[in-house]
Novice: 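Sharing a structure, written as structure tokens. Questions coming.
All heavy atoms count here, side chains included; hydrogens, waters and symmetry mates do not. A, B, ... follow the sequence lines: proteins, then strands. Residue 1 opens every chain.
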Number of protein chains: 2
Amino acid sequence: MVKSSTGALDRTFGALADPTRRGIVATLATGPRTVGALADPLPMSLVAVSKHIGVLERAGVVTRTRVGRTQVCRLRPDALRAAAGWLDAYREFWTVQLDSLEHHLREQV
Amino acid sequence: MVKSSTGALDRTFGALADPTRRGIVATLATGPRTVGALADPLPMSLVAVSKHIGVLERAGVVTRTRVGRTQVCRLRPDALRAAAGWLDAYREFWTVQLDSLEHHLREQV
DNA sequence: GCTACTCTTAACCATGTGGTTAAGAGTAGC
DNA sequence: GCTACTCTTAACCACATGGTTAAGAGTAGC
């Protein structure tokens, strides 16, 4: 089925739903890397890593720029910030709301 | 291919990668709802909503408990907190790191 | 220009998502 | 017990993900 409203948050959360891609994000947070440098420690082919980077790129989490014959990846903060912003709206829930859940459970006894 | 290490974060971020499910989370943040109440305003079948809830449930974001002949859904904060915690590690990046990126770009001129 | 290096594209396969309809399982209430 | 209500399971379809290998595109450097 065709996905009608594939928004930015969809792609961002989707991109983070994989340990390999979260690892790439963690690495890039320490500085830019080439595709090869990112792929080197990973237990999969370069092609697979390139495709993971493609998912991160489409999600706006990463940019690729050609430098000589290498492709340098950098982290873009915007998408990650948006995802964190969405979750922030529920920060209140898992602090305040926990108390009222506890309260509710006590009432059930 | 079989997914070997499908961790909790994988499922949590994956669950949030859909606007319908994020909407369900937003609704449940205001209080528990039955499956029917969640499905009512949504432009899709009850079955589709039930499957979305299944994804949220497997991700640990939501619990379902039978009450009479209805099924009541509640938000569980743990999974969301873990996802927000992961993103928090990069909060520094999109504030501090932005300055050094700017600095880097100026150096390139 | 030839070769080597780096990476992407193409083709393929298995699985999960995202939806449908149809049928089944539990519970409420007369 | 029968019926109505609420929800899940089963079967199906189309598409994206997550991996593979093989082949192609750009660039560097002799």
Novice: Please give me the minimum heavy-atom distance between A/Ala84 and B/Arg91, naming the atom from each residue.
Specialist: CB-NH2, 4.0 Å

Novice: Classify the nucleic acid contact of B/Thr70 as base, sugar-phosphate or nothing, counting any heavy atom under 4.0 Å across all strands shown.
Specialist: sugar-phosphate

Novice: Could you state the atom-to-atom distance from CG of B/Asp18 to C1' of D/dA16 in whole Å?
Specialist: 13 Å

Novice: On the nucleotide C/dG16, are OP1 or OP2 found under 4.0 Å from the side-chain N or O atoms that B/Arg58 carries?
Specialist: no

Novice: Return the stems involving DNA chain C, sorted by first number, where pairs are Watson-Crick (N1-N3 with N6-O4 or O6-N4) or G-U wobble (N1-O2 and O6-N3), both under 3.5 Å, and runs are 3 or more long.
Specialist: C:1-30 with D:1-30

Novice: According to a strict under-4.0 Å criterion, is A/Arg69 in side-chain N/O contact with OP1 or OP2 of C/dA4?
Specialist: no

Novice: Taking only N and O in the side chain of B/Ser45, is any of them less than 4.0 Å away from OP1 or OP2 of C/dT20?
Specialist: yes

Novice: On DNA chain C, does the nearest nucleotide to B/Val67 precede the nearest nucleotide to B/Val47 from the 5' side, or the other way round? Give the residue.
Specialist: B/Val47

Novice: For A/Lys51 and C/dT8, what is the distance between atoms NZ and P respectively, to the nearest whole Å?
Specialist: 12 Å

Novice: Hydrophobic clustering (ILVMFWY, side-chain heavy atoms < 4.5 Å, transitive) - are A/Met44 and A/Val47 grouped together?
Specialist: no

Novice: Would you check if the side chain of B/Arg81 reaches a backbone N or O of B/Ala83 as a donor-acceptor pair within less than 3.5 Å?
Specialist: no

Novice: Any base atoms under 4.0 Å from A/Val55, or only sugar-phosphate, or nothing? Heavy atoms, all strands.
Specialist: nothing

Novice: Please examine the side chains of A/Trp86 and A/Thr12, heavy atoms only from C-beta on, and report whether any two atoms are closer than 4.5 Å.
Specialist: no

Novice: May I have the distance from A/Ile53 (atom CD1) to C/dT8 (atom C1'), rounded to whole angstrom?
Specialist: 11 Å

Novice: Return no unless some side-chain N or O of A/Ser50 is found under 4.0 Å from OP1 or OP2 of C/dC7.
Specialist: no

Novice: Between A/His52 (NE2) and D/dG19 (C1'), how many Å, whole number?
Specialist: 8 Å

Novice: Measure CG/B/Leu46 against P/C/dG19 and give the value in whole Å, please.
Specialist: 13 Å

Novice: Could you tell me the separation between the CE atom of B/Met44 and the P atom of C/dT17, rounded to a whole number of Å?
Specialist: 15 Å

Novice: Of A/Arg66 and A/Thr20, whose closest DNA chain D nucleotide lies nearer the 5' terminus?
Specialist: A/Thr20

Novice: Tell me: CG of A/Leu16 to P of D/dT17, nearest whole Å?
Specialist: 13 Å

Novice: Is A/Val55 close to A/Asp18 at the side-chain level, that is, under 4.5 Å between some pair of heavy atoms?
Specialist: no

Novice: Can you find a pair of side-chain heavy atoms, one from B/Arg22 and one from A/Asp10, that are under 4.5 Å apart?
Specialist: yes

Novice: Contact between B/Leu28 and B/Leu38 at the side-chain level, heavy atoms closer than 4.5 Å - yes or no?
Specialist: yes

Novice: How close or far is atom P of C/dT17 from atom CZ of B/Arg22, stated in whole angstroms?
Specialist: 16 Å

Novice: Can you tell me which nucleotide in D/dT8, D/dT27, D/dG19 comes closest to the side chain of B/Val35?
Specialist: D/dT8

